[in-house]
Amino acid sequence: MLTGAQGDPLTNDIPWLVPAGVLLLGYLLGSIPFGLLLTRFFGAGDLRQIGSGNIGATNVLRTGRKGLAAATLLLDLAKGAAAVLIAGAILPGGGVLGGLAAFIGHCYPVWLKFNGGKGVATMMGVVLALHWPSGIVFAVVWLGLLAALRISSLAGMSAAISAPVSAAFFGRIELVLMLLALTMIVLWKHRANIDRLLNGTEPRVGGSKSGGKKSA
């Protein structure tokens, strides 16, 4: 039973109130569409009308504003990590709930009719805050494959897959199911990219703009 630091009678009577608050806070934090806000504020246009229409850093890069793309990546990562840390401070062991909610908020934000990003950067922030060694593995896989292959979607999906695998390897079994759920959502959000990868039509970062919709 949740009692809080002072034995708050409200949380005693309604034990789900604090976890529900943590989930709501995490969702709202994760749902902030930094890519969309930054591109609008700095006059780069409506991100949803550019490239793949995605609100993530890869699509921001298609505006030609590398600084905005880097800022989007860092802010999307930071909101995932912040949700974990804030939730853990409010509720002992609540970091998992906060991180999960932030990830869902990024992928399915209410402000954008639940049409959000694909979750890779936010997932990395969540993983880093929950278990930094797995986060390092995530970053190495993501950045390493992106540098080697220059295929953003493949690098991101591979990094997501690495998260539950590395958590299990490091003995953090309690994180595996949650990270596996996040990985499945990342793969689902990349389903069009997977089709293009299988067809050999997935574009590379910095490559030709032919081929219609691009990865994100």
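Each residue takes its place number in the sequence, starting with 1.
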Over all heavy atoms of both residues, which pair between Leu179 and Ala163 is shortest? Give the atoms and the distance, please.
CD1-O, 3.7 Å
Are Leu112 and Leu75 connected in a single hydrophobic cluster, I mean Ile/Leu/Val/Met/Phe/Trp/Tyr linked by side-chain heavy atoms less than 4.5 Å apart?
yes
Value for NZ (Lys118) from CZ (Arg191), rounded to nearest 0.5 Å, stands at 9.0 Å
From CA spacing to verdict: side chain to side chain contact (heavy atoms under 4.5 Å, CB included), Ile151, Leu197:
CA-CA 9 Å; Ile151 302 178; Leu197 286 167; 4.0 Å; yes
Looking only at non-hydrogen atoms, find the nearest pair between Ser152 and Leu146 and report the distance.
CA-CD1, 3.7 Å
ILVMFWY network linking Leu180 to Leu97, side-chain heavy atoms under 4.5 angstrom:
no
Going by the rule salt bridge (charged side-chain N to carboxylate O under 4.0 Å, His left out), which residues pair with Lys189 if we only count those two or more places apart in sequence or in a different chain?
none
The side chain to side chain donor-acceptor pair (under 3.5 Å) partners of Asn199 (sequence neighbours excluded) come to none
Atom pair CD1/CZ of Ile161 and Phe138 - distance to nearest 0.5 Å:
10.5 Å
If Ile, Leu, Val, Met, Phe, Trp and Tyr residues are connected whenever their side-chain heavy atoms lie under 4.5 Å apart, and connections chain through other members, are Leu77 and Leu85 in the same group?
no
Atom OG1 in Thr201, atom CG in Leu198: separation rounded to 0.5 Å?
9.0 Å
If I take atom OG1 from residue Thr72 and atom CG from residue Leu38, how far apart are they, to the nearest 0.5 angstrom?
4.5 Å
Which residue pairs pass the salt bridge (Lys or Arg N to Asp or Glu O under 4.0 Å) test when at least one of the two sits in residues 151-180, sequence neighbours left out?
Arg172-Glu174
Supply the atom-to-atom distance Ile194 CD1 to Arg196 CZ, rounded to the nearest 0.5 angstrom.
10.5 Å
Of all the heavy-atom pairs spanning Gly116 and Asn54, show the shortest one and how long it is.
O-ND2, 3.6 Å
Given side chains that start at C-beta, do those of Val120 and Thr58 come closer than 4.5 Å, heavy atoms only?
no
Reported CD1-to-CZ distance for the pair Ile50 and Arg48, which is rounded to 0.5 angstrom:
11.0 Å
Hydrophobic clustering (ILVMFWY, side-chain heavy atoms < 4.5 Å, transitive) - are Phe41 and Ile55 grouped together?
yes
Heavy atoms of Ala69 and Ala57 approach each other most closely as O-CB, 3.5 Å
Tell me, please, which residues at least two apart from Leu145 pass side chain to side chain contact (heavy atoms under 4.5 Å, CB included).
Val141, Leu149, Ala155, Ser158
Is Leu29 reachable from Leu37 through a run of hydrophobic residues whose side-chain heavy atoms are each under 4.5 Å from the next?
yes
Check: residues 122-132 side-chain donor-acceptor pairs under 3.5 Å, at least two apart:
unit_1	atom_1	unit_2	atom_2	d
Thr122	OG1	Asp76	O	3.2
His131	ND1	Ser134	OG	2.8

When the side chains of residues 98-111 are checked against the rest of the protein, which donor-acceptor pairs come out under 3.5 Å, sequence neighbours left out?
unit_1	atom_1	unit_2	atom_2	d
His106	ND1	Lys79	NZ	3.0
Trp111	NE1	Ser31	OG	2.7

Mind listing the closest non-hydrogen atom pair of Ala167 and Leu175 along with its distance?
CB-CB, 4.4 Å
Considering all heavy atoms of both residues, which atom of Leu73 and which atom of Ala121 are nearest to each other, and what is their separation?
CD1-CB, 3.6 Å
I would like to know whether Leu36 and Asp46 meet side chain to side chain contact (heavy atoms under 4.5 Å, CB included); could you show each step before the answer?
CA-CA 7 Å; Leu36 182 62; Asp46 187 343; 3.5 Å; yes
For Val140 and Ile136, what are the C-alpha separation, side-chain angles and deciding distance, and is it a side chain to side chain contact (heavy atoms under 4.5 Å, CB included)?
CA-CA 6 Å; Val140 169; Ile136 295 299; 4.3 Å; yes
Is the count of non-hydrogen atoms from other residues, nucleotides or ligands lying under 6.0 Å from Phe170 atom CZ greater than 12?
yes
